[in-house]
Amino acid sequence: MEKADTPLAQVRSNIALVCKRARRDPGEVTLVAVSKRHEAAAIKPLLLEGHRHFGENRVQEAQEKWPALREAHPGVQLHLVGQLQSNKAEDAAALFDVIHSLDRPSLVKALAKAFDKTGRQVPCFVQVDVGDEPQKGGCPVGELSALIKEARDAEIPLAGLMCLPPAEIEPAPFFAFLDKLARDHGLEGRSMGMSGDYETAIMLGATHVRVGTALFGERPS
Ligand SMILES: *Cc1c(COP(=O)(O)O)cnc(C)c1O
């Protein structure tokens, strides 16, 4: 019997297929493997398969897990996909290579200071609250232009926009909306799509998909 595909090979092949249908170059889509709450033992197989982009949602958990994994597997790019408290900005700047959750003026200030202090300039996605769900974080749509201006004035490198649409309803309109907002603001990156909807997100222009469960199985609670 042939060896079954690994979850990573499966997701990669799905991405390639959707890119073909969307007439997009698969090289434009970064798969961020969201390894939050999974232990090193669950992460290692992906590293051994050559995967290098990983996402975590908590600074402290990432600080505990990643230094050792990174040392053993050079080239890891770590993405922060969860809400960031201003008092953790410096730790985040030191550890992460991309931040997906810049969502308020106070964080612009904290990150600008942290980048100064650490000497690192970490590309940031501005997270947009596309579904009016403030509890998830994200900048209200009406405040987006002002926040982008503040970030640009503070010389924060902007990678693009990120969203986390409401669960349980069709996400496509939200992805299309984020794509439009990114275009309106002259931003390249669109961080959108998770295990249940990354194919739809790619059809609608995602450049970064954040996939956890489809790669690692259910998260331990
Ligand atoms: C956990 C998480 C994901 C991954 O979700 P899955 O449904 O497991 O793929 C993506 N984005 C963010 C912001 C997350 O917190």
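Computation of the quantities below employed the complete heavy-atom set of this structure, encompassing side-chain atoms and omitting hydrogens, waters and symmetry-equivalent molecules. Source: prediction; values computed, not measured. Both ligands and their constituent atoms are indexed starting at 1 by order of listing.
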Quiz item: Of all the non-hydrogen atoms in the protein, which one sits nearest to atom 8 (O) of ligand 1, and at what distance?
Solution: T213 OG1, 2.5 Å
Practice problem: With atom 13 (C) of ligand 1 as the reference point, say which of V211, V81, V209 has the nearest heavy atom. | Solution: V81
Practice problem: Answer yes or no for H100: is there a heavy-atom contact with ligand 1 below 4.0 Å? | Solution: no
Quiz item: Is the shortest distance from a Lys or Arg side-chain nitrogen in R70 or D97 to a carboxylate oxygen in the other one below 4.0 Å?
Solution: yes
Quiz item: Does a side-chain heavy-atom distance below 4.5 Å link L158 with L102?
Solution: yes
Quiz item: Is any side-chain heavy atom of C19 less than 4.5 Å from a side-chain heavy atom of I15?
Solution: yes
Exercise. Starting from atom 9 (O) of ligand 1, find the nearest protein heavy-atom neighbour and note its residue, name and distance.
Key: S195 OG, 2.5 Å
Practice problem: Search all heavy atoms of Q127 against all heavy atoms of H100 and return the closest pair with its distance. | Solution: CB-O, 3.8 Å
Exercise. Return yes or no for this condition: an N or O of N57 is under 3.5 Å from an N or O of ligand 1.
Key: no
Quiz item: Heavy atoms only: which of M194, K36, Q83 is nearest to atom 14 (C) of ligand 1?
Solution: K36
Quiz item: Are E90 and K117 close enough, and set up right, to give a salt bridge (charged side-chain N to carboxylate O under 4.0 Å, His left out), and what steps lead you there?
Solution: CA-CA 8 Å; E90 202 179 312; K117 197 153 171 200; 3.5 Å; yes
Quiz item: What protein heavy atom sits nearest atom 11 (N) of ligand 1, and how far away is it?
Solution: R210 NE, 2.9 Å
Quiz item: Between E56 and K65, is the closest basic N to carboxylate O distance under 4.0 Å?
Solution: yes
